[in-house]
2 protein chains.
Amino acid sequence: MSKPQGARQPTIKEVANLAGVSPMTASRTLAGGRNVRPDLQERVMAAVRELGYFRNENARSLRPGQPSGLIGIAITNLANPYYGSFALGVEEVAAEHGRRIILGNTGEDVARERQLVSDFIGRQVDGLILVPTSGDAAHLRPERLGHVPLVLASRRVPGLDVDTVLLDDVGGSYRGTISLLDAGHTRIGFLGNRTSVFTGERRYRGFERAMTERGVPIDTAIVARDQQDVDAASRAARVMLDLDEPPTAIFSANNRNSIGALREIGRRIRDGLPGPHPSMVSFDDFELSELMPVPVTVIDHDARLLGREAATLLFARLDDDTAEAARTVELPVTIEYP
Amino acid sequence: MSKPQGARQPTIKEVANLAGVSPMTASRTLAGGRNVRPDLQERVMAAVRELGYFRNENARSLRPGQPSGLIGIAITNLANPYYGSFALGVEEVAAEHGRRIILGNTGEDVARERQLVSDFIGRQVDGLILVPTSGDAAHLRPERLGHVPLVLASRRVPGLDVDTVLLDDVGGSYRGTISLLDAGHTRIGFLGNRTSVFTGERRYRGFERAMTERGVPIDTAIVARDQQDVDAASRAARVMLDLDEPPTAIFSANNRNSIGALREIGRRIRDGLPGPHPSMVSFDDFELSELMPVPVTVIDHDARLLGREAATLLFARLDDDTAEAARTVELPVTIEYP
DNA sequence: CAGCCTGTTGGTAACGTTACCAACCTCCAC
DNA sequence: GTGGAGGTTGGTAACGTTACCAACAGGCTG
């Protein structure tokens, strides 16, 4: 009375019996109907409709070598709009290839990443797409992955030679910094991620290169590289701007830091603190940047395209298994001046 | 030379042979090791490590009645940050219950939704969470779903009596509109979605209720209810603000319309058009709303919590299959004044 | 010491799919 | 008309898991 609540799913045998054919013919019909007489197909499909049968997609991958039609994705933070768009890009290309995605959020936790990846492989995914967390990456070596193809996105993993899609972090940061220098700024603050984060390192490098090239010294008092969230970024900006010699411009290496810095700048304007308030360059776009109270130059990129490229690399690897060397695609960024 | 490129996955038999036990014992060990002698478990695990075996999660759900550990989610637009957070909320709760999510993007296309749902069921998902598209919903009736539990989020589907999580759209819009009326506005524009979109209808209703209650007439010349994207919203705002009697405040029923309206307002300010420029109420938060050139009241909500609640409803249904009536959870919204 | 319970191990079957093989049909060319 | 080709149908096996049953050991109680 209590257990068989949920109206059991019909079996393929029941479908076959109702249609008056063998389970083989029923199964073949579900598989596309090659070499099955049209009238029998019709009877099978009628039985399928009547009983509400769904072809079991999991059973297909039971046989070794058969694709499951699943792509596993692990990203670091799905709440970040960029990663949502990234996942969408992957999903689109996967759908074009008749695949579905299994999605997991790592939250920058290596243990969770390891767990997700092994679960994905246990579900017989045809491929993996990861935004890797920074940490030990032994669990991502090909033999540990059962040789399931892997594509990395946004970040590279040291010692792991696999297909990768990246942004032009260095070039974008370089050009953004140059635009500040061209505008006459010589005292430029830097807000960014920990050095251990791949993009944090690269974006700092672009900043550094532009400064060095123009012979402008980098003052470590206005370089803050340890903010992961908006509030920490606000505090770092506040410290910088309270100095006796505050920066006249701030380079922010990502979205979270840009929002935090602008919150602090907005607060200072509202509180009537004396200016001039710093100009900004933000790596990562955010909406309504043109309405900010200080000029904001935006280094923008297309996260959805990044996802599409990652998936495209993966399917290229799946379709053509010639063991050519790992490929890296570096997507351009665009700079939008205020 | 060309085919067997990808180093075949080992079979359970190979693991069993290497460990010197029967496949049964190997399988039991992978399943948790109940009633298996510790030393045999150790030998099996050693063989698993050596061969790189992964327990096949798909094979489990082959037997009818066995859970697959998968939850299917279909949402309308993953690029919308709210839905990314929503998916994250679902993923978190699913992970807490040892489940993974399969994710699909419908893009408001009913055919795609139908296709996704039937694929999910074919993959033996234990449950479904949908942000339904507005359209024919015959494919969502329980018997068409093989009686897989379904939870709807954000929107209800007419004639479908299932567990649902909603926002307090009506109450939030009502209170937001009241705040404009309290501030003395009597000429209030409305920007929103098509009436056929569930939330569009509800949010208009809250707006209407507040206006009617205070006896303020609604002028259809400043009501625009057909914008789905930012650009359309900008154009609609422009038309409104170019009238001889422009609104002194605008109520925007969602994120996309708020951004569009503010772009247009920003443009007018930059171009030096005469004010006063309209105040705004925005259903849906967006970052840096406090830095806008006009006062913006925000009706905010927690999309991640919405996802968590949807998943919680689903797991309640899965754990306790007493066929109690469908439940609706309506989450509160918060109003942040400028 | 007989009987029984428990823990351990293996065997078998079933789930749905696909690969392979066997049997049968029709149809056409010779 | 005979033979072969090709289409159609069913059977069998295999994949890995879990439910069930059987067999056996060891230890316990009466």
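We name chains A, B, ... by the order of the sequence lines, and we start the count at 1 in each one. A quick note: this is a predicted structure, and the numbers were derived from the prediction, not measured.
- Looking at residues 32-45 of chain B, you'll see that no heavy atom sits under 4.0 Å from any atom of DNA chain D.
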Pull out every protein N or O sitting under 3.5 Å from an N or O of nucleotides 15-19 of chain D, one pair per line with the distance.
from, atom 1, to, atom 2, distance (Å)
D:dC15, OP2, B:Lys13, NZ, 3.2
D:dG16, OP1, B:Ile12, N, 3.4
D:dT17, OP1, B:Asn56, N, 3.0
D:dT18, OP1, B:Arg55, NH2, 3.2
D:dT18, OP1, B:Arg60, NE, 3.2
D:dT18, O3', B:Gln66, NE2, 3.2
D:dT18, O2, B:Arg63, NH1, 2.7
D:dA19, OP1, B:Gln66, NE2, 3.3
D:dA19, O4', B:Arg63, NH2, 2.9

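- A:Glu91 places a side-chain N or O within 3.5 Å of a backbone atom of B:Asn105 that can act as its donor or acceptor partner.
- Formation of a donor-acceptor pair under 3.5 Å by the B:Glu113 side chain with backbone atoms of B:Thr133 is found in this model.
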Stepwise side-chain contact (heavy atoms from CB on, under 4.5 Å) test for B:Val148 and B:Phe120: CA-CA 10 Å; B:Val148 172; B:Phe120 288 166; over 6 Å; no

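- Nearest heavy-atom pair, A:Pro23 versus A:Ile12, reported as atom, atom and distance to 0.1 Å: O-CG1, 4.3 Å.
- A donor-acceptor pair is defined here as one N or O able to donate and one able to accept, closer than 3.5 Å; no such pair exists between the side chain of B:Thr199 and the backbone of B:Val197.
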Full working for salt bridge (charged side-chain N to carboxylate O under 4.0 Å, His left out) between A:Glu50 and A:Arg43: CA-CA 11 Å; A:Glu50 179 165 343; A:Arg43 284 200 344 236; over 6 Å; no

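- With hydrogens and angles ignored, the 3.5 Å screen pairs a side-chain donor or acceptor of B:Asn58 with a backbone N or O of A:Arg123.
- The bend of the helix from C:dC1-D:dG30 to C:dC30-D:dG1, defined by the angle between the axes of its first five and last five pairs, stands at 50° to the nearest 10°.
- For B:Ser68 (side chain) and B:Gln124 (main-chain N/O), a donor-acceptor pair under 3.5 Å exists by modelled atom type.
- Not a single donor-acceptor pair under 3.5 Å links the side chain of B:Thr328 to the backbone N or O of B:Ala326.
- Of all heavy-atom pairs between B:Ala74 and B:Thr106, the closest is CB-CG2, 3.9 Å.
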